[in-house]
There are 2 protein chains.
Amino acid sequence: MPSIQDVAQLAQVSTATASRALSRPDMVAQTTRERVLKAARQLGYQPNVLARGLRQGETRTIGVIVTDILNPFHATLAKGIQDAADRHGYVAFLFNSDEDPAKERRALDTLRGHLPQGLILVPTSGAREHLKAMPDLPVVELDRVTGRPDATTVTTDNTGGGAAATRHLIELGHTRIGMIVGQQDISTATERHDAYRAALHAAGLTYDPALVLPGNHREDDGYRAAMHLLSLPADHRPTALFVGNNEMTVGAVLAARALSLRIPEDLSIVGFDDSRWAQTMTPPLTVVAQPAYDLGVQACELLLRRLSASGNRTPARVQLPTTLILRHSTAPPARPRSGASGPDPSAAHPPVTPSTGPPRA
Amino acid sequence: MPSIQDVAQLAQVSTATASRALSRPDMVAQTTRERVLKAARQLGYQPNVLARGLRQGETRTIGVIVTDILNPFHATLAKGIQDAADRHGYVAFLFNSDEDPAKERRALDTLRGHLPQGLILVPTSGAREHLKAMPDLPVVELDRVTGRPDATTVTTDNTGGGAAATRHLIELGHTRIGMIVGQQDISTATERHDAYRAALHAAGLTYDPALVLPGNHREDDGYRAAMHLLSLPADHRPTALFVGNNEMTVGAVLAARALSLRIPEDLSIVGFDDSRWAQTMTPPLTVVAQPAYDLGVQACELLLRRLSASGNRTPARVQLPTTLILRHSTAPPARPRSGASGPDPSAAHPPVTPSTGPPRA
DNA sequence: CTGAAAGCGCTAACAC
DNA sequence: GTGTTAGCGCTTTCAG
């Protein structure tokens, strides 16, 4: 790799001038500037960011930790962040915590050694503790929230989304609405759960803890929880399910299939977070959609604004709206006549908004 | 951030000793070592990798460029790489080219400034040219291949996979088998295409260029191509489709649905690359599966082996097998009686291997 | 076994 | 406008 020395030598100037020509073009005479740029091009010069970062204390680098890069929601967050960072000349280092606080801890330590100028974090339950060790690092909490008092956060309206999903099911006539909910030490899970409970109460329905099962955000957690709920005796079994994240929703659908329950005739399902899978499964799934890409972009923009000295007074909390997208996985409950759970011909499709046209771009 | 100076001072030693105590424990007396380690722990010392990398010329960093992080196949490659790198104490910097040679070029330049010790690249068509500019960087080409003579590559057996898929359709009795194929400047696309053609010839069927349409690996390319092929007059329309990658397969399935063609009664489909979507769609999709995670791991292991001086003579090309997974998207063609494409009761499910049990772990 | 000192590539004072 | 020089944090000779 050619160094700036090589460039300077070829251009017959000092390294200082070469450096200025490349980074502060207006501090150098037109002709020398051109000579330096030509030399740089000729050598394929690429500044060594290690040296530059070491010297300036500015790496133009941000760290990103998501909990599961294989989850399309997180992959989309990451893409939004990287695209935004790129537009501003920053590079984003992406790490995975796999929902594991210990891995998150290690990722943070590794990251720290690379002197990122800021961090965008989808926190695990351990994050609050971990972040104490790095009090000077500007952090944006994304999607979930640690509860640190002065945190900068970019989230979605989980409360509104949870309420909309639950109300939708209530309006269809469901009274036994089960919920599969994420870990209760994760903010999104509790918010969605609380909204569900509040919506039930508001409608005069009782909240039945037996119909609420936790899972650790993975597909098989959803599968197991749904299996349990759907195996309850017919007069206890929920006629509708609100599932607290996208991966668990897949599991819940597969469980319903394994039990030969038809969706929506025998069971209505509303998922959280939209995805191609939700759009194209049979039947297309009613979901609470989140603007994942935009969440990533906003988190990055917000972080970079905070990094620039000028933007000292930037908003501390951004919240993006959710949208309930009605498709075909919800319907009024089958009227239980004999107490058996057979199909009920009176079950009808709910009104739907358009949703499964030609593929997205 | 505390520096090694701070540690040295607290431990009452020189920075040299502190450095040795941390990186070469056996070069330092037991007691001093303990003193240094304690000081380091106490201060939360984290080595500055910029300074270290600058000094040693070794960053313990590798670059990774995939073409589409939102594609689960690529996300899985990336995860395999990162997990493997992590096990060896390396960190992987992940970039996206979005199938765009210009973006790939920029990613390479950015990466180069970070002095990665090696690169794992899913190349675009521009890669061969781009890599000329960095002849000293050890590169592993992953999934696809640039065709550079001495390249180190980790790929799957596209030829075997393409042949198996095509033969499967032929054995079911299909004679008009369409193919939606990737860009012909991408090695995986040409290999799969060649295998398809060879399998047709081997079975005495003629290769009909009108039944082969290219796409740029995205869902909507598959949609458009399938729309075109499936809108051909009934006696020209293919009764089966072999689709050359996972995203385009989604598009093809949606096109079939849009045209109200039943799968597999009216149309058999075999996709390339397995995914949760393929497993859980209706009907479950017959696919040529690739070991994506393992591809990533192998690429990383291979690269790191090449980096260690000892492993000078490591294999240059690794190829992993593909597996044809029979599910329910293929069946014998409907016997064309009146020339109309109505359903044929003689269409039957093919024998299948187990495929859609409870969710994966 | 430990310390002093040089130097990785770069930029920012500070001179001229 | 340009050159000289120091120093970012670290590791590694080279002495002792």
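What you are looking at is a predicted structure, and each value in this text was computed from that prediction instead of being measured. Proteins come first, then strands; the chains are lettered A, B, ... in the order of their sequence lines, and each starts at number 1.
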Novice: Mind jotting down which residue pairs meet the salt bridge (charged side-chain N to carboxylate O under 4.0 Å, His left out) criterion with at least one end in residues 93-111 of chain B? Sequence neighbours excluded, please.
Specialist: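 Of all non-adjacent pairs touching residues 93-111 of chain B, those that pass salt bridge (charged side-chain N to carboxylate O under 4.0 Å, His left out) are A:K79-B:D98, A:D86-B:R106, B:D98-B:K103, B:E99-B:R144, B:R105-B:D109.
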
Novice: Does anything in residues 31-41 of chain A form a side-chain hydrogen bond (donor to acceptor under 3.5 Å, both in side chains)? List the pairs, not counting sequence neighbours.
Specialist: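 As it turns out, the side-chain hydrogen bond (donor to acceptor under 3.5 Å, both in side chains) pairs with a partner in residues 31-41 of chain A, which skip direct neighbours, are A:Q30-A:E34.
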
Novice: Any side-chain heavy atom of B:I81 sitting closer than 4.5 Å to one from B:I62?
Specialist: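 Answer yes - side chains close enough.
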
Novice: State which residues pass side-chain hydrogen bond (donor to acceptor under 3.5 Å, both in side chains) with B:D6; sequence neighbours excluded, sorted by chain then number.
Specialist: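 Partners of B:D6 under the side-chain hydrogen bond (donor to acceptor under 3.5 Å, both in side chains) test: none.
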
Novice: Just jot down the salt bridge (Lys or Arg N to Asp or Glu O under 4.0 Å) partners of B:R148, sequence neighbours excluded, or say none.
Specialist: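 Partners of B:R148 by the salt bridge (Lys or Arg N to Asp or Glu O under 4.0 Å) criterion, ordered by chain and then number, come out as B:E141.
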
Novice: Among pairs that include at least one residue of residues 129-140 of chain A, which meet salt bridge (charged side-chain N to carboxylate O under 4.0 Å, His left out), considering only residues two or more places apart or in two chains?
Specialist: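 Applying salt bridge (charged side-chain N to carboxylate O under 4.0 Å, His left out) to every pair that reaches into residues 129-140 of chain A, excluding sequence neighbours, yields A:E129-A:K132.
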
Novice: Write out all pairs satisfying ring pair (Phe, Tyr, Trp, His ring centres under 6.0 Å) with one or both partners inside residues 98-156 of chain B, taking only residues at least two apart or from two chains.
Specialist: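 Matches after skipping sequence neighbours: A:F93-B:H114, B:F93-B:H114.
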
Novice: Which angle, to the nearest 10 degrees, lies between the helix axes at the two ends of the helix from C:dC1-D:dG16 to C:dC16-D:dG1, each defined by five pairs?
Specialist: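 The value is 40°.
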
Novice: Pairs in or reaching into residues 66-75 of chain B: which pass salt bridge (charged side-chain N to carboxylate O under 4.0 Å, His left out), with residues at least two apart or in two chains?
Specialist: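 Qualifying pairs: none.
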
Novice: Strictly under 4.0 angstrom, non-hydrogen atoms only: write out the protein contact profile of nucleotides 3-10 of chain D, one letter per nucleotide from the 5' end, B, S or -.
Specialist: BB-BBBBB

Novice: Within the structure shown, what part of the strands sits under 4.0 Å from A:R24 by heavy-atom distance: base, sugar-phosphate, or nothing?
Specialist: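 Sugar-phosphate contact only.
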
Novice: If the condition is side-chain hydrogen bond (donor to acceptor under 3.5 Å, both in side chains), which residues does B:S23 pass it with, not counting sequence neighbours?
Specialist: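 Residues passing side-chain hydrogen bond (donor to acceptor under 3.5 Å, both in side chains) with B:S23: none at all.
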
Novice: Quick one: how far along DNA chain C does chain A reach, first to last nucleotide 5' to 3', anything under 4.0 Å to a heavy atom?
Specialist: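 It runs C:dG9 to C:dA13.
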
Novice: For A:Y45, what residues pass the side-chain hydrogen bond (donor to acceptor under 3.5 Å, both in side chains) criterion, not counting sequence neighbours?
Specialist: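 So A:Y45 forms no side-chain hydrogen bond (donor to acceptor under 3.5 Å, both in side chains) with any residue.
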
